[in-house]
Student: 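Following this message is one structure expressed as structure tokens.
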2 protein chains.
Amino acid sequence: MDIARITIAPSTSAQVHDWLRKRVQQGDLPPGMRISETEVAAAIGISRQPVREAFIRLASDGLAEVRPQRGTYISKISVAAVLSARFIREAVEADLARAVAKTRPVAVLDRMAKEIAKQHKADRDGNVEDFIESDDRFHKLLALGAGQEAVWADLDRLKAQMNRLRHLSMRAFDRSFTIGQHQQILDALRGGDADAAESAMRAHLRQMLTEVPQIAAAQPDYFTA
Amino acid sequence: MDIARITIAPSTSAQVHDWLRKRVQQGDLPPGMRISETEVAAAIGISRQPVREAFIRLASDGLAEVRPQRGTYISKISVAAVLSARFIREAVEADLARAVAKTRPVAVLDRMAKEIAKQHKADRDGNVEDFIESDDRFHKLLALGAGQEAVWADLDRLKAQMNRLRHLSMRAFDRSFTIGQHQQILDALRGGDADAAESAMRAHLRQMLTEVPQIAAAQPDYFTA
DNA sequence: TATACCATACTTCCATACCAGTGAAGCGAA
DNA sequence: TTCGCTTCACTGGTATGGAAGTATGGTATA
């Protein structure tokens, strides 16, 4: 066994946090929903304290809002936060695309091609979850190819609000169009054309600018300005 | 009175968190230092619980590390995290600079000029804290001028590790050189030259690439890879 | 009917007590 | 001296009770 796999059992509080975070991200716990220390604790069969600490962690992630003496609520999706994350992604991934186009790391580019294949399959199967995960891996590989793996970790945290929105949008929008954009990006990277790679990436991420208002308008209860 | 000024008193836990965060950022609590729930609670005169929750928040910020049954330690500064934040800043602020150069919002540009004046003064006075704050405001104004204020809020959180490093570096490096770079950026913005603004900004933020290794080498105990 | 008041049932927040894991000091045997 | 075991003080983790604040619905009053 890999020595790195030796870990200690995470605390109850951390486990509850992970569980809640996933459920929020996947839209299982909808924006605006009220959650209660007492209820969650009773449901799991533990005391209130670890649940409370999980709520605090969730609030640090921007996924919940604790209102003292009033209650704790799942955060609504902030349109401003989503657009901010989008802006940052466009700037950063444009630079990443330029860097990768210059070095053309074959191994990474091949893995990106495989992800596109997986996306085709997930699209055919109608498997939204698989599609989103592969989409993320595609973009993560770009950072890896640029030797900036840590950058993706930072972007991933910024994307928290965006991820929730995506679970709403992937059902509504044309996934094959997204895949086509991925293919264009990859083609430009393989061709070593930094300018083309950058503009393809920017166009891809600007797609969100038209989608976000539509999604927000469709379910206004889930969003705040 | 402005209705927006009606606020609720922050919880003890939140106050402790704020206090600790500031002290860590300013280097008052050095990287690697051990902190104890019991000691902090006794020093303030409260119970362990709110202190414990403040530690959890601090860990979410990446400023502390809680090791179960062992102790809680102030995080060492991750060189990888600093470089990642730097990369992101360069990409994002390059785009921001382009945007501002195109619109040339006079009011904002004037405020940037005032910040540069403040930086000259802080440099003369040897006031490191004032200098850093003005430096931050200068860059924040750029985001404001581009109509992307929320972007700065995100960058600010990413900068957490970088900020700690800056408190070490500002004493070691030439501040007047930094001010000169700010002036170059502002001149390009006023001239409406997007290319010049972008390259001046990139050069400014790449400065860190040479400084970080030197600072890390000077105080290796404070850093991790 | 409309309004002010109040009892009540929640909520999160804090204090306290106890639990289990850790690590270093102390001790004794080889 | 060196090694191994035991002990014990100390750590963060969890459970529980009560304090303080808030929302709500009923009730008395005009």
Side-chain angles (χ1 to χ4, degrees), chain A residues 3-21 23-24 29-76 221, chain B residues 3-21 23-24 29-76 221:
Chain A
I3 196 170
R5 296 185 70 98
I6 298 177
T7 63
I8 55 168
S11 70
T12 311
S13 160
Q15 292 182 57
V16 175
H17 172 238
D18 280 350
W19 180 64
L20 289 172
R21 191 165 42 73
R23 292 194 66 190
V24 173
L29 299 175
M33 178 185 179
R34 177 175 186 166
I35 54 179
S36 145
E37 294 179 2
T38 313
E39 281 180 25
V40 174
I44 305 180
I46 57 177
S47 74
R48 293 176 347 246
Q49 202 54 44
V51 175
R52 169 177 172 71
E53 293 174 3
F55 282 12
I56 291 174
R57 291 172 148 103
L58 208 60
S60 287
D61 299 334
L63 297 179
E65 190 182 344
V66 179
R67 284 186 246 176
Q69 271 66 46
R70 244 166 277 203
T72 302
Y73 299 82
I74 302 298
S75 298
K76 299 207 174 185
D221 288 353
Chain B
I3 194 170
R5 296 185 69 97
I6 298 178
T7 62
I8 54 168
S11 69
T12 310
S13 159
Q15 292 183 57
V16 175
H17 172 236
D18 281 351
W19 180 63
L20 289 172
R21 191 165 42 74
R23 294 195 64 190
V24 172
L29 299 175
M33 180 185 178
R34 177 174 184 165
I35 54 178
S36 146
E37 294 179 2
T38 313
E39 280 179 24
V40 174
I44 305 179
I46 58 177
S47 76
R48 275 176 47 211
Q49 205 54 45
V51 176
R52 169 179 173 71
E53 293 172 3
F55 282 13
I56 291 174
R57 291 173 148 104
L58 209 60
S60 288
D61 300 334
L63 297 179
E65 189 181 345
V66 179
R67 285 186 246 177
Q69 270 66 47
R70 249 168 271 206
T72 301
Y73 299 82
I74 303 298
S75 298
K76 299 206 172 183
D221 289 354

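The sequence lines fix the lettering, A, B, ..., with proteins before strands; numbering per chain opens at 1.
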Student: Measure distances between side-chain N and O atoms of A/Arg48 and base N and O atoms of D/dG18, and say whether any donor-acceptor pair falls under 3.5 Å.
Tutor: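 Side chain to base: pair present.
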Student: If we only count heavy atoms from C-beta on, is the A/Leu20 to A/Phe55 side-chain gap below 4.5 Å?
Tutor: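 In contact.
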Student: Any heavy-atom pair between the side chains of B/Val16 and B/Ile46 that's under 4.5 Å?
Tutor: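 Side-chain contact under 4.5 Å: yes.
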Student: Side-chain donor or acceptor of B/Gln69 under 3.5 Å from a matching atom on the base of D/dG12?
Tutor: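 Such a pair exists between side chain and base.
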Student: Side chains of B/Ile56 and B/Val66, heavy atoms from C-beta outward: is any pair under 4.5 Å?
Tutor: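 Of all side-chain heavy-atom pairs linking B/Val66 with B/Ile56, none is under 4.5 Å.
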Student: Side chain of A/Ser36: nearest nucleotide among D/dA15, D/dG12, C/dT11?
Tutor: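 Among the listed nucleotides, the one closest to the side chain of A/Ser36 is C/dT11.
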Student: Roughly how many Å is it from CD in B/Glu65 to C1' in D/dT11, rounded to a whole number?
Tutor: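 To the nearest whole Å, that distance equals 15 Å.
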Student: Considering only D/dT14, D/dA23, C/dC14, which nucleotide approaches the side chain of A/Arg70 most closely?
Tutor: D/dA23
Student: Going by heavy atoms in the side chains, are A/Arg57 and A/Arg21 under 4.5 Å from each other?
Tutor: no
Student: Are side-chain heavy atoms of A/Gln15 and A/Pro50 found at a separation under 4.5 Å?
Tutor: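 With C-beta onward as the side chain, the pair stays apart.
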Student: From C-beta outward on B/Glu37, which listed nucleotide comes closest to its side chain: C/dC14, C/dT11, D/dG12?
Tutor: D/dG12
Student: Using atom CZ of B/Arg52 as one end and atom P of C/dT16 as the other, report the distance to the nearest whole Å.
Tutor: 17 Å
Student: Among the candidates C/dT11, C/dC14, D/dG12, find the nucleotide nearest to the side-chain atoms of B/Ser13.
Tutor: C/dC14
Student: Would you indicate which nucleotide in D/dT11, C/dT12, D/dA15 comes nearest to any side-chain atom of B/Thr38?
Tutor: D/dT11
Student: Looking only at side-chain atoms of B/Gln49, point me to the closest of C/dT11, D/dG17, C/dT16.
Tutor: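 Closest nucleotide among those given: C/dT16.
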Student: Given atom NE2 of A/His17 and atom C1' of D/dG13, what is their separation to the nearest angstrom?
Tutor: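 Answer to the nearest Å: 17 Å.
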Student: How large an angle, rounded to 10°, do the end axes of the helix from C/dT1-D/dA30 to C/dA30-D/dT1 enclose when each is built from five base pairs?
Tutor: 10°
Student: Closest to the A/Val66 side chain: C/dT12, D/dT14, C/dT11?
Tutor: C/dT12
Student: Roughly how far, to the nearest 0.5 Å, is CZ of B/Arg34 from CD of B/Glu65?
Tutor: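 CZ of B/Arg34 is found 12.5 Å from CD of B/Glu65.
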Student: Output the rounded distance in Å from CD1 (B/Ile46) to C1' (D/dA19).
Tutor: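 Taking CD1 of B/Ile46 and C1' of D/dA19, I get 16 Å after rounding.
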Student: A/Ile56 near the nucleic acid: base, sugar-phosphate alone, or nothing, with a heavy-atom cut-off under 4.0 Å?
Tutor: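 No contact at all - A/Ile56 keeps every heavy atom at 4.0 Å or more from the nucleic acid.
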Student: Starting at atom CD of B/Glu39, determine the distance to atom C1' of D/dT11, rounded to an integer number of angstrom.
Tutor: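 Value for this atom pair: 11 Å.
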Student: Rounding to an integer number of Å, can you tell me how far B/Ile35 CD1 sits from D/dC10 C1'?
Tutor: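 One finds 16 Å between C1' of D/dC10 and CD1 of B/Ile35, rounded.
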Student: To the nearest Å, give me how far apart OH (B/Tyr73) and C1' (D/dC10) are.
Tutor: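 Distance check: B/Tyr73 OH to D/dC10 C1' gives 11 Å.
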Student: The criterion is salt bridge (Lys or Arg N to Asp or Glu O under 4.0 Å); which residues satisfy it with A/Arg70, sequence neighbours excluded?
Tutor: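 With sequence neighbours excluded, A/Arg70 shows a salt bridge (Lys or Arg N to Asp or Glu O under 4.0 Å) to no residue whatsoever.
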Student: Quick check on DNA chain D: between B/Pro68 and A/Gly45, whose nearest nucleotide comes earlier from the 5' end?
Tutor: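 By nearest-heavy-atom nucleotide position, the 5'-most residue is B/Pro68.
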Student: Whole angstrom is fine here: how far is it from CZ in A/Arg57 over to C1' in D/dG12?
Tutor: 12 Å
Student: Do A/Val24 and A/Asp61 come within less than 4.5 Å of each other through their side chains, counting heavy atoms only?
Tutor: no
Student: Is B/Arg67 near enough to D/dT11 that one of its side-chain N or O atoms lies under 4.0 angstrom from OP1 or OP2?
Tutor: no
Student: Does a side-chain N or O of A/Thr12 approach OP1 or OP2 of D/dT14 to a distance below 4.0 Å, or not?
Tutor: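 True: A/Thr12 side-chain N/O within range (under 4.0 Å) of D/dT14 OP1/OP2.
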